[in-house]
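Step one of this worksheet: look at the structure below.
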Protein chains: 6
Amino acid sequence: MINKFAHISTFMSMDIPYEDADVVVFGTGFDGTTSNRPGTRFASGAMRSESYGLETYSPVLKLDLEDYKICDIGDLELSIGDTDRVLNEIYEGSKKIVQDNKFPFMIGGEHLVTLPAFKAIYEKYNDVYVLHFDAHTDLREEYNNNKNSHATVIRRVWDILGDNRIFQFGIRSGTKHEFEFALEENHTYMEVSTINTFKDIVDNLDGKNVYLTIDLDILDPSIFPGTGTPEPGGVTYREFEQIFKILKNSNIKLVGCDIVELSPDYDNTNVSTVTACKILRELSLVAANNIEKNA
Amino acid sequence: MINKFAHISTFMSMDIPYEDADVVVFGTGFDGTTSNRPGTRFASGAMRSESYGLETYSPVLKLDLEDYKICDIGDLELSIGDTDRVLNEIYEGSKKIVQDNKFPFMIGGEHLVTLPAFKAIYEKYNDVYVLHFDAHTDLREEYNNNKNSHATVIRRVWDILGDNRIFQFGIRSGTKHEFEFALEENHTYMEVSTINTFKDIVDNLDGKNVYLTIDLDILDPSIFPGTGTPEPGGVTYREFEQIFKILKNSNIKLVGCDIVELSPDYDNTNVSTVTACKILRELSLVAANNIEKNA
Amino acid sequence: MINKFAHISTFMSMDIPYEDADVVVFGTGFDGTTSNRPGTRFASGAMRSESYGLETYSPVLKLDLEDYKICDIGDLELSIGDTDRVLNEIYEGSKKIVQDNKFPFMIGGEHLVTLPAFKAIYEKYNDVYVLHFDAHTDLREEYNNNKNSHATVIRRVWDILGDNRIFQFGIRSGTKHEFEFALEENHTYMEVSTINTFKDIVDNLDGKNVYLTIDLDILDPSIFPGTGTPEPGGVTYREFEQIFKILKNSNIKLVGCDIVELSPDYDNTNVSTVTACKILRELSLVAANNIEKNA
Amino acid sequence: MINKFAHISTFMSMDIPYEDADVVVFGTGFDGTTSNRPGTRFASGAMRSESYGLETYSPVLKLDLEDYKICDIGDLELSIGDTDRVLNEIYEGSKKIVQDNKFPFMIGGEHLVTLPAFKAIYEKYNDVYVLHFDAHTDLREEYNNNKNSHATVIRRVWDILGDNRIFQFGIRSGTKHEFEFALEENHTYMEVSTINTFKDIVDNLDGKNVYLTIDLDILDPSIFPGTGTPEPGGVTYREFEQIFKILKNSNIKLVGCDIVELSPDYDNTNVSTVTACKILRELSLVAANNIEKNA
Amino acid sequence: MINKFAHISTFMSMDIPYEDADVVVFGTGFDGTTSNRPGTRFASGAMRSESYGLETYSPVLKLDLEDYKICDIGDLELSIGDTDRVLNEIYEGSKKIVQDNKFPFMIGGEHLVTLPAFKAIYEKYNDVYVLHFDAHTDLREEYNNNKNSHATVIRRVWDILGDNRIFQFGIRSGTKHEFEFALEENHTYMEVSTINTFKDIVDNLDGKNVYLTIDLDILDPSIFPGTGTPEPGGVTYREFEQIFKILKNSNIKLVGCDIVELSPDYDNTNVSTVTACKILRELSLVAANNIEKNA
Amino acid sequence: MINKFAHISTFMSMDIPYEDADVVVFGTGFDGTTSNRPGTRFASGAMRSESYGLETYSPVLKLDLEDYKICDIGDLELSIGDTDRVLNEIYEGSKKIVQDNKFPFMIGGEHLVTLPAFKAIYEKYNDVYVLHFDAHTDLREEYNNNKNSHATVIRRVWDILGDNRIFQFGIRSGTKHEFEFALEENHTYMEVSTINTFKDIVDNLDGKNVYLTIDLDILDPSIFPGTGTPEPGGVTYREFEQIFKILKNSNIKLVGCDIVELSPDYDNTNVSTVTACKILRELSLVAANNIEKNA
């Protein structure tokens, strides 16, 4: 009679013990460099509650969460207020998961959280490629006098990886200089506004190690208003859904991923949070299925 | 000088006396089995107020409400709190309209209200076909220990009709078992996520009696966040609008319909309610026009 | 480094094992007979999340949650959609806690959930008195054709207890007949709108077993808009706070209590939920302290 | 079975035929001179819907709406966009009610609607006194280049009545000059911020004809945020409630009243609208009872 | 250290002195004839604040605001409450800009503000063509007893221009008579619901003087709920974005434009305001670039 | 005709040149250590817009902003993302104002911004006393592993000032240890929940230099929901208003003040922002008047 789930609060069906898990989901509620609307700190908590409105089965992928070993370990404890210490805490958390040979699936937080998580991945897979979904270039050298910022994070990843390793999709906002960095100087591959070339890119990465970072503001604000800096002209959910099918059918080797920039309190309808949950479900199914295929 | 509409509160232009009406619109504000966000009880009231922001003329259908005989009789009185009694009250209300040879057009309420309304239709037209628009399968055998639920309602309709009589569109959420019921065991016809085959299906139903049930969450949450369980990846309003044109030009015989699952308080912009009103306008025009054609 | 609270979701500091607990908190997310705005089903979940913004220490009571043995067992599983079965499930859950000699502290849900919880208490303490805080009389004989309703719940408790056992405070809405039932026929004691006589009443109950039921709409809608039927003219939080001090210093024997009618989605500021959490903290401190005193 | 109220939309229980009514309630949805947040045009419609959450009985006044003859005739048709024409339309509507020997009870709209309604009253009762409840002085000579404005309305009434006839309560905002007009030059009686002298004033008006105009922003924004220009430091609902008791027990002769400046869309909790409805109930009971006493 | 922008509040980067500017942006916060939800008075203020979340560079147009001479002179002072005087104030403000040989770019306000701004343009360019983007026909002869109204504004422009000079796009709501006026009587060119013929029309206007008026409700309410009368079935932002490219590449001569009907308070997510800002950026880039090309 | 205020965005009437000003208002939009709901970064901007709904005259203080020399210099530029650098930037900004012999009036931001502003004050007035209004003790030694935090700020001030120099009012939340620090160890003076002793304290500070820091969450959440951590049981606006009168009539010497913790986006009614604006008006009048008296 007493609800056996009373003392458990994970994303739906992600309650496998850490030791047995293939995919490890964790939250990093940091939004300290956010320059516009804050609140991504609440993303993972809001998503855990909202996830119970979804089913475990994906009719698009024909996969079911109940068939995979996924563990939600909750949120990392972070020293909010001290950016450097927070970045190190995320790095240490990610490193532990990577060293335990599990797939790290991070829920931000603002986009800067990608940097330490990626560093932990890079230490193990230094041949890794990055697929980056976003409305914004995130290629600034510096922002608000800081080198580490949500607006510089992909530039920092490029500092590590160099040219020809970063693929950007859906980008539709940035300075003139940032667009030149990508489109004219070719330091990254960039598709402006849309995601139509994604399949070709993935086909070319056949057999490669790949990290995915998804800034949810790639979606159009009509379906995803709950983010710090909404930018009209984004992709629809149905367009974005193709990403999951393409990944499922590809031969890349996924080594980690993150979903960032949901700011749930800016969307009272909760549709943004529901959408983030559905992307989490689809992508964790793809990741777990990819691990199975490559095992 | 005194406003003559002061004492009248119907959907715009639906103020024909019951006796003279061809189409009878009525509300059933029941949401007792709703498992996620409730509030569909407020749908018909919110729609009546909001409908005055629309015009009576449909440029898509080239039809005008003022040319048809439609009566909004208000909401049925329901014994909220006792599901069985409520279902019977809806059944009796629907039966009266059907027996008076009028077209019943129901505004829910949650989707379970379709069951008693459909039963009243079935008693008169036992060769009826059902066109079902929804994000969710609604094919569970049981939900929350109840056989009668918003999540089982189409399964209950199937209990009555059997195979080859139910056509489902836009479906994108359910258990693995529910999708197998439709897609592999073929108990119903199901188009996943989209509505592209609708014209073909309607063409095949030439001359048949048809009941329509529209769970408004078939629409994408970007345009329709005001519902109990929003599910990303739905159809746009413009896509859905094609349904009305196809129906208008078809040779099926419409015998009743319902629009369910608007929960207006979850969308402070009122866009969900406006959208429901526009669908009510278009569909009541189609119904009245269909009656005229078949008279 | 990994957050040890990741897999736990209880009200703050209420994570003692059930076996060791003196006070047992549980949620009953039922709102099936609600006639106005629904949504109390979400109260306990919203409160658990929000409770972490409060401190464990009460400067008013000079007591700290960390010094007491309180267990939040989560929400009871309920067969939403079937009122009778739900009432029985709440009864069974409450009975188990009572029989295990623990103090049941229920978070509704609508006010009807008080009836089965009270029945379980009454079976053990048939000399019990009821202190009832509410904006509404809840003394109807029947509502919406149902005898069991949020609007009849105290009348049903009176059916069990009879005269001179129920004390009502803050009441400011009801039918003429309901007020006569209390004020002229004296079936219950009733203080209209305010709570000024509470101390005298409690003094007179010295040594008695007492059950508390708090409909949070006793508070003024300025501080508590998040409820089904807000009623202007209620008590302020600071006035209501006196209740806790009076109870702490009294010699009554508390045997159970409930807090009902928070509908969190109707207050986007979350202040209603925060207020409910603070009342939960104060009252659970009072209950645990009362048990200690009477041990 | 069919709801007999389907075609009626009046305030609760105010459905007496116009011919038989003692009190006539009507809406004037004009907000054309509003300089801050508009939307009072929606007040009467929102109040009609919301009024059904209240009871007909007032435990404070011990009076019941069902015992009185009150008719809600709906909203006047107004030529929105042309201020002068609108003012004339309100004047004509009010005059008709006054000439029919009925009590006009107007629901605004912005405060300027008081001017034409008052003019109709004044033509019949040129010895009338005005009791004015408001946060703002409304005593400007001109505003936004207009002499007729929500910010000048009481000055225009003073143009008609002259000194010693207007009594203002709760006033807490205005220009230095406006306060001097009242407090030093004594053109009106003014109580700043509070309403404590109201009983004394009413006692002094024994036997006089009195018009009441209530700008709801006299209430504190904690209970009444849904207004154009909220002003902190207002009276609580419980303080304001004393007004009704004092009026009920007084010997003044009420000849008309209005309630203005509810802007419902600025309060998503609907508490502002509920509060306006309760004031409408109490004040229409007082008016009907006053008519009965003076008959 | 002290922020040098503290005393400046213009749209981002539009802070060139008036004397030096090619394009002059100004706000007209009038919504006096609005029949449904008001609040467009707040549009320009909300847009100025929100504009700082955008970049100055447009990756779609490959143009940067910082390369052009644009001046935001703030809002015109208007005598709110007196429609005729307001229209004259807008006319005088527009005429000054036109006479100074600058490009007037107006931010409404409701759509009626287009009429006086257009008149000022017409006096200089009486061979001007009008491109009209809207959900509504705005072709009524009269509305609410007024000839000058948001619902009649394009009819009034037609009174001035006559046939074959007005091109309407995205129209999906109006009376039967209004659609006949355009589609059968050919007084204007009208594309219903969509904007697909826009390029052809612009090609045909090669070398002509053109005024643009954009009622933002042409956009679908999913991306633009913050407007007075949302109408489902509109164009997406990405579809609408094509307009800017077509205009940039065209050989028409732009002589003025306006963006109207943003009502920011009806969209708490602020996405409507962000979208209006992005359209302002794109269109002011197109205008400034067009001036440069034609210089 | 063109609005001369178009290029100016200061709090109402605070547009005196810096050189001539007695009181200098500035914003510090930092919320980097906020542990609960962020967003105080938007406080000063929201207040500037909203301030135009207020009058310049205070009927409570009988003073008018137009009679004083107050300059709003806008927001300091801050390196958001790096707490230490931000604190230094605020310190430098405050020091400049203090050194120019002007009265610094800071609008936060979170409460930590008080620390650097206070340091600048302390360097000039090391005999200064602090009057602290807040719901929370803010006396922690450390929070989230940081010594500098919104939750430790008054402890840091105490590190500088030592015992008998800090007076806390309205405090109603904190750890047991924090309350002991104040109430038993007497390191600060603390009045719990209320502000009744304020006059006595101020009388005792006759002739002393005094700094005021107001965390707006001292107000009850009914009037001030728009803050990071609302705490029920606070003071009403009318109670708080007495503070201004007492200060005006006192003989203390005010040397600086701040108002912090408005998070405007959490209150869609804008009442929190209006309330903060009114407190800014009253307090800046008191400060300017105090300077005049002490000149």
Side-chain angles (χ1 to χ4, degrees), chain C residues 1 3 12-13 47 49-68 216 219-226 230 232-245 262 264 266-283 285, chain F residues 34-37 39 135-140 143 145 151 168 170-184 190-196 217 219-239 263-273:
Chain C
M1 166 206 73
N3 187 337
M12 53 165 181
S13 289
M47 287 171 68
S49 297
E50 200 67 41
S51 68
Y52 289 84
L54 291 177
E55 303 288 341
T56 58
Y57 177 70
S58 165
V60 164
L61 298 174
K62 296 191 172 59
L63 301 175
D64 199 315
L65 281 179
E66 299 194 339
D67 297 332
Y68 292 99
L216 291 160
L219 291 166
D220 195 61
S222 56
I223 188 66
F224 202 80
V235 302
T236 65
Y237 182 82
R238 271 207 256 165
E239 288 174 331
F240 197 66
E241 204 171 43
Q242 298 308 309
I243 298 293
F244 309 129
K245 279 194 187 174
L262 166 66
Y266 280 97
D267 180 6
N268 283 330
T269 70
N270 271 15
V271 167
S272 303
T273 304
V274 170
T275 302
C277 286
K278 194 165 178 181
I279 289 174
L280 166 62
R281 183 188 75 189
E282 302 303 79
L283 201 51
L285 284 169
Chain F
T34 302
S35 50
N36 204 343
R37 310 191 303 195
H136 305 90
T137 50
D138 290 0
L139 290 170
R140 277 173 169 85
Y143 193 67
N145 302 323
Q168 301 183 282
I171 313 299
R172 54 194 187 276
S173 179
T175 65
K176 192 176 183 177
H177 185 74
E178 289 179 280
F179 280 98
E180 287 170 351
F181 182 90
L183 296 173
E184 295 175 24
M190 183 186 287
E191 180 180 347
V192 177
S193 287
T194 49
I195 55 173
N196 301 328
D217 66 18
L219 291 167
D220 195 60
S222 55
I223 188 67
F224 202 80
T227 192
T229 307
E231 183 77 28
V235 302
T236 66
Y237 182 82
R238 271 209 255 165
E239 288 174 330
S263 186
D265 288 359
Y266 280 97
D267 180 6
N268 283 329
T269 69
N270 271 14
V271 167
S272 303
T273 303

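Computation of the quantities below employed the complete heavy-atom set of this structure, encompassing side-chain atoms and omitting hydrogens, waters and symmetry-equivalent molecules. So that the names make sense, note that chain A is the first sequence line, chain B the second, and so on, each numbered from 1.
- Applying the salt bridge (Lys or Arg N to Asp or Glu O under 4.0 Å) definition to pairs two or more places apart or across chains, those involving residues 219-234 of chain F are Lys278(C)-Glu231(F).
- Ser263(F) places no side-chain N or O within donor-acceptor distance of the main-chain N or O of Tyr266(F), the cut-off being under 3.5 Å.
- Residue Thr175(F) touches chain C through both its backbone and its side chain, counting heavy-atom pairs closer than 4.5 Å.
- Checked against ring-ring contact (aromatic ring centres under 6.0 Å, His included), Tyr143(F) has the following partners two or more places apart in sequence or in another chain: His150(F).
- Residues Leu61(C) and Glu282(C) come closest through the heavy atom pair CD1-O, 3.5 Å.
- Side-chain N/O atoms of Glu55(C) and Ser173(F) include no donor and acceptor closer than 3.5 Å.
- Within the structure, salt bridge (Lys or Arg N to Asp or Glu O under 4.0 Å) contacts touching residues 59-68 of chain C (residues at least two apart or in different chains) are Asp67(C)-Lys176(F).
- Scanning residues 235-243 of chain C against chain F with a 4.5 Å non-hydrogen threshold yields Tyr237(C), Arg238(C), sorted by number.
- A 4.5 Å side-chain heavy-atom check between Phe179(F) and Met190(F) finds at least one atom pair inside the cut-off.
- Only the side chain of Leu54(C) comes within contact range of chain F, with heavy atoms under 4.5 Å apart.
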